Amino acid sequence: MRYVSTRGGVAPQRFSDILLEGLAPDGGLYVPEAYPQADLAAWRGMSYPALACAVLSRFIDDVPALEALVRRTYTRAAFGSDDIVPLKTLEPGLHLLALSNGPTLAFKDLALQLLGNLFEQVLAARKASLNILGATSGDTGSAAEHAMRGKRGIQVFMLSPQGRMSAFQSAQMYALQDANIHNLAVKGTFDDCQDLVKAINADAAFKTRYRIGAVNSINWARVAAQVVYYFWGYFRATASDAQQVAFAVPSGNFGNIHAGYVARSMGLPVERLILATNENDVLDEFFRSGRYRVRRAALATSSPSMDISKASNFERYVFDLVGRDAGQVAHLWRKLERVGEFELQGSAGFVSGRSTHADRLETIRQVHRKYGVMIDPHTADGVKVGLARRVAGVPLICLETALPVKFAATIREALGREPARPAGFEDLEKRPQRFEVIDADADAVKRVIERQAAAR
Ligand SMILES: *Cc1c(COP(=O)(O)O)cnc(C)c1O
């Protein structure tokens, strides 16, 4: 399997060559040259780790001992059950796919836990090391740290806005005691943190000298890892490969639902992909009207992990929509930079909808009342839009992207009670914390990285 850029300016690459990169050098995203085809009959009866090996080996063909690496990633110890991703049936034909039982209780663990093991192995084979630099408003940072903790050849420097995350979110990062994890609590906002990362990446000499890398949402390995659970959910929710299903996906950067689109392109019988946004409705607008219009800034909502002003993975989908014409993609993105929008018709197999704070509260209440199940605000956006756009006779699988305990304030507002805590998280906020407070100043961040490199 080889990978090409959506902007067409790069020779086809092997998987291990694109693994450690973010954007392609021409500014595009890497996509597989062609979609491999699924073998539904052979895959239906497999365990989650076996299915993950079957799916991932179609995308990754140059990492030695991939199967052992995948089996070491998807374990009961890390994900709480042998199913890894259990399917919970609310009523016949309506299911929740529980993606949030990994170490940080959000679906990003499913991709990042694999990425941590892939990075470690590929770096070791190249006798190389990497300093991962990132900014987080809460969720992605903790999933990345838990994926990279203790990995040989990797140091993580994670910038977070001091005092602006929930106590639970900061404890998920700051309570890590691993020597290769460096939490930098920045005196500023999340935007300040992002600007610092940009400033450091713009310093090419520093970036090369200290081998600065990232674990951003556009990494192809993350999309590939997410393809697996669409197949898994389908097999659990259907009795035969003749049946079709629908998936409802709470969306932000279009990574999760793009994996569903890839699964369908591989032959998974998906009747429709239902995309849900919150008040940040860039993608809902596109799938309703064909108009892709990026926003100046995202609104802060009660489903914060979907608060985006543009969707970083969307270009992969557009590449297919224009018939894999890289020149056309480059043209559209130039237009986007110039006028902030473009129009493109023809999205088949997707429907969308938008959810508000009031909808989230009502959906959390409704699911709790009817089924006795507590869902988090992001999952609620998906359920709300999924129920509105489902079709009779087609099973609906709603992706659960986080556990309610991560968003306790909204659960209290909806239900007037505390969300349940999974085992092992009872004392999280009381554990000793490890972080360094720094000014919102790129030189201060660089000094931390230099000091660390000198100490090794
Ligand atoms: C990241 C995230 C999303 C959005 O997923 P995308 O892949 O960015 O579309 C939704 N819900 C939760 C809880 C998340 O952490």
Side-chain angles (χ1 to χ4, degrees), residues 29 85 96-113 115 134-147 165-166 168-169 172-173 190 215-227 229-230 247-263 273-284 286-287 298 301-317 350 352 354-355 360 363-364 374-386 398-408 410-411 419:
L29 304 186
V85 172
L96 278 182
L97 189 59
L99 305 177
S100 316
N101 299 309
T104 73
L105 310 180
F107 87 100
K108 292 193 174 68
D109 289 328
L110 282 158
L112 285 166
Q113 289 288 311
L115 204 66
T136 186
S137 56
D139 272 1
T140 314
S142 62
E145 289 189 357
H146 282 261
M165 297 179 295
S166 73
F168 189 91
Q169 281 181 319
Q172 276 197 312
M173 296 196 289
F190 173 54
V215 279
N216 30 40
S217 67
I218 54 162
N219 191 296
W220 172 258
R222 285 179 66 172
V223 176
Q226 292 171 175
V227 170
Y229 53 69
Y230 283 88
F247 288 96
V249 188
S251 295
N253 274 319
F254 204 76
N256 196 355
I257 200 164
H258 188 68
Y261 165 80
V262 172
L273 291 163
I274 304 172
L275 180 144
T277 70
N278 62 20
E279 292 88 338
N280 293 287
D281 56 1
V282 187
L283 289 168
D284 179 42
F286 175 77
F287 285 103
T301 75
S302 50
S303 44
S305 301
M306 296 157 64
D307 292 349
I308 52 109
S309 54
K310 54 177 185 278
S312 55
N313 269 291
F314 187 57
E315 185 172 337
R316 290 195 159 109
Y317 173 65
F350 278 82
S352 70
R354 163 188 203 271
S355 167
R360 282 191 273 291
T363 307
I364 291 169
M374 225 187 253
I375 56 173
D376 101 292
H378 305 78
T379 307
D381 287 333
V383 170
K384 144 106 206 329
V385 175
C398 299
L399 303 198
E400 178 189 61
T401 54
L403 288 195
V405 67
K406 300 195 79 169
F407 303 96
T410 304
I411 299 300

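Whatever order the structure lists them in is the order used to number ligands and atoms, beginning at 1. Please read these numbers as outputs of a predicted model, since none were measured by experiment.
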Identify all pairs of nitrogen or oxygen atoms, one from ligand 1 and one from the protein, separated by less than 3.5 Å, and list them with distances.
from	atom 1	to	atom 2	distance (Å)
ligand 1	7 (O)	G255	N	3.2
ligand 1	7 (O)	N256	N	2.9
ligand 1	8 (O)	N253	N	2.7
ligand 1	9 (O)	G252	N	2.8
ligand 1	9 (O)	N253	N	3.3
ligand 1	9 (O)	F254	N	3.1
ligand 1	11 (N)	T401	OG1	3.0
ligand 1	15 (O)	K108	NZ	2.6

Among all residues two or more places apart in sequence or in another chain, which pass the side chain to side chain contact (heavy atoms under 4.5 Å, CB included) test with [X]?
X: S302; answer: H357, R360, T410
X: A224; answer: L56, F59, W220
X: P304; answer: D307, H378, F407

Would you call the rings of H258 and Y317 parallel, tilted or perpendicular, where under 30° means parallel and over 60° means perpendicular? perpendicular
With a 3.5 Å distance limit and no angle check, can you tell me whether D281 reaches the backbone of R354 through a side-chain donor-acceptor pair? no
So which of D381, I375, V383 actually passes side chain to side chain contact (heavy atoms under 4.5 Å, CB included) with C398? V383
